[in-house]
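Here is the structure we will look at, set down as structure tokens.
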Amino acid sequence: MFAKTFGRAPRWIASAPGRVNLIGEHTDYNDGFVLPMAIEHRTAIAGDVSGTQNVTLHSATNGETASFSIGRDMRRGEPSWANYVKGVVAGFSRLGASLEGFHAVIDSDVPLGSGLSSSAALEVAAATLMEAIIGSTIDPTEKARLCQQAEHEFAGVPCGIMDQFISAMGRKDHLLLIDCRSQTGELVPFKDPTLQVLIINTNVRHSLADGEYARRRAQCESAARTLKVRALRDATLDQLEAARTGLDPLIHRRARHVISENLRTTEAARCLRDGCWERLGELMYASHASLRDDYEVSCEELDQVVELARNIGARGGVLGCRMTGGGFGGCAVALVKADQAKTISGQISEGYLDKTRRRADIFVSRPGAGAAVTAGGTHSRSSTWRKPVSSSGKASPPAS
Ligand code: ADP
Ligand code: MG
């Protein structure tokens, strides 16, 4: 496709994965823990320098082409999908990296807009291509933050750090336990080769999601104030119970979800390390119940999927299942026996169609690898890029 579009072979191909969060929902903005994995579905970007300061992008996914030039005054523009890459280019410029213009073709098998973070996959793949262009890598945490900032400023989405973190730092056969306060991640092995992760897209998105999200954040802040903690991450269930009479019952339930979910998430990481798969499954079901009853962010379709999975049960190869992502639609995630995954997918899609008259899309994935340059050099011998420091001790102005 690159050769067809630009008349020659690409010099580099970089790619980055989408992700699914196994457990730890609505904990990120409470300074808590999340436990995502990179999926085997990826976004690839093939490119070469353009010889000018112009960037031309073609997305084979949507068939559109966009161009812009690299400069100090880069802003959001049209088409909107190109902003994800533009924001990353602006981030590299801000770092002071002398990035040349480039041509690139993008393609992806991460479904767009399904909650599997095709947006982070695009940003991180683009950042990885840009590392190849400048000939040095940037620190992965800094790279993830740069991509997050691109999404904030150029796509207008106030996302947390999880998606870009896991897409940049995921590793095959591992999950990443991320502490959203310190913004550090710890790889946790997913050892058992007989298990797989099933991702069930309900194909619904209820419109109350955005308003309810803002309301949940405010409720958590209010609970933290009453409990006199910096964030709910610092509160214990005992503290919450002791403060019960002073808390509105609704706020109490919201806080109970967050505090218990943090406990479940760190316990889930221990289960992975110790191979306690049954317990991990129980934690997933408990997480779903808490999101449904205490946090009230599930919906009928997600509840149906989890109920169908529970009815198949351990005998049928399902260890656990829960909604994943912000809620009010989107995906559910299940931990299943690999040799029964196909049968389980069939049972869930049939049952879901029967109960909701809707079609579910189901993917199966093991934890996949994070971002990489897959052709044209891997930087294994190249340097790590450092901010050029001017005599005033400040970073040099962005190259334009
Ligand atoms: P999610 O991240 O859950 O997939 P988002 O709405 O955050 O959903 O991001 C989806 C948007 O990202 C798309 O609407 C599009 O603008 C952009 N995008 C992601 N991948 C691609 C791609 N391969 N080609 C073009 N645009 C893409
Ligand atoms: Mg997204």
Side-chain angles (χ1 to χ4, degrees), residues 1-2 5 10 13-21 25 28-29 34 36-47 55-68 76-89 103-129 144-168 170 199-207 209-210 213 302 323-333 361 363 365 368 371 374:
M1 182 55 110
F2 185 93
T5 313
I13 302 173
S15 71
R19 64 95 187 93
V20 68
N21 190 24
E25 221 62 74
D28 56 344
Y29 51 84
V34 292
M37 64 177 225
I39 56 174
E40 290 162 329
H41 298 69
R42 301 175 74 85
T43 296
I45 179 164
V55 174
T56 306
L57 306 170
H58 177 75
S59 169
T61 316
N62 62 18
E64 291 183 32
T65 302
S67 45
F68 55 87
R76 286 163 83 155
E78 291 294 331
S80 60
W81 63 268
N83 287 320
Y84 295 89
V85 180
K86 204 179 196 179
V88 177
V89 170
H103 297 312
V105 169
I106 299 156
D107 205 0
S108 183
D109 63 356
V110 183
L112 270 56
S114 293
L116 299 179
S117 212
S118 68
S119 56
L122 177 55
E123 292 147 10
V124 175
T128 307
L129 175 71
R145 287 208 196 104
L146 184 155
C147 291
Q148 179 199 24
Q149 197 176 355
E151 185 141 350
H152 287 184
E153 290 176 11
F154 281 75
V157 181
C159 57
I161 191 71
M162 170 170 75
D163 302 356
Q164 292 80 8
F165 238 69
I166 182 66
S167 186
I199 301 154
I200 306 114
N201 187 353
T202 60
N203 286 321
V204 295
R205 180 104 203 114
H206 296 293
S207 57
D210 289 349
Y213 176 80
L302 285 165
M323 57 159 272
T324 182
F328 303 108
C331 294
V333 60
D361 287 322
F363 315 85
S365 183
T374 42

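In listed order, ligands and their atoms are each counted from 1.
Numbered from 1 in the order shown, with element, the atoms of ligand 1 that lie under 4.0 Å from a heavy atom of Leu116 read 3 (O). Under a 4.0 Å criterion applied to the non-hydrogen atoms of Ser108, ligand 1 contributes the atoms 23 (N). Using a 4.0 Å cut-off to heavy atoms of Ser59, the atoms of ligand 1 that qualify are 22 (C), 24 (N), 25 (C). Each of the following atoms of ligand 1 lies closer than 4.0 Å to a heavy atom of Tyr84: 9 (O), 11 (C), 12 (O), 16 (O), 17 (C).
Remark: the Arg42 side chain and the Ser15 side chain contain an N/O donor-acceptor pair separated by less than 3.5 Å. Asn201 and Ser114 share a side-chain donor-acceptor pair at under 3.5 Å. For the residue pair Ser108 / Thr43, a side-chain donor-acceptor distance below 3.5 Å is found, with atom types taken as modelled. A side-chain donor from one of Asn62 and Ser59 sits under 3.5 Å from a side-chain acceptor of the other.
Atom 19 (C) of ligand 1 has Ser118 OG, 3.3 Å as its closest protein atom, hydrogens excluded (heavy atom only). What sits closest to atom 26 (N) of ligand 1 on the protein, heavy atoms only, is Trp81 CB, 3.4 Å.
Residue-to-ligand polar distances place Thr61 within reach of ligand 1: an N/O pair is separated by less than 3.5 Å. Ligand 1 has an N or O atom lying under 3.5 Å from an N or O atom of Gly113, backbone or side chain. Taking any N or O of Thr43, backbone or side chain, none lies under 3.5 Å from an N or O belonging to ligand 1.
Here the side chains of Ile106 and His58 are not in contact, with every heavy-atom distance at 4.5 Å or above. Taking the side chain as every heavy atom from C-beta outward, Cys159 and Gln164 approach each other to under 4.5 Å.
Here the closest heavy-atom approach between residue Phe2 and residue Val105 is recorded as CA-CG2, 3.7 Å.
Of the heavy atoms in Ser119, both backbone and side-chain atoms come closer than 4.0 Å to ligand 1. When heavy-atom distances to ligand 1 are checked against a 4.0 Å cut-off, Leu112 comes that close through both its backbone and its side chain.
Close to ligand 1: Leu122, with a non-hydrogen atom less than 4.0 angstrom away.
When each of Glu153, Glu151, His152 is checked for a side-chain hydrogen bond (donor to acceptor under 3.5 Å, both in side chains) with Gln149, only Glu153 meets the rule.
Residue contacts to the Mg ion (ligand 2): Ser117 brings no N, O or S atom closer than 2.8 Å.
Taking a distance limit of 4.0 Å, we find that atom 24 (N) of ligand 1 is approached by some protein heavy atom.
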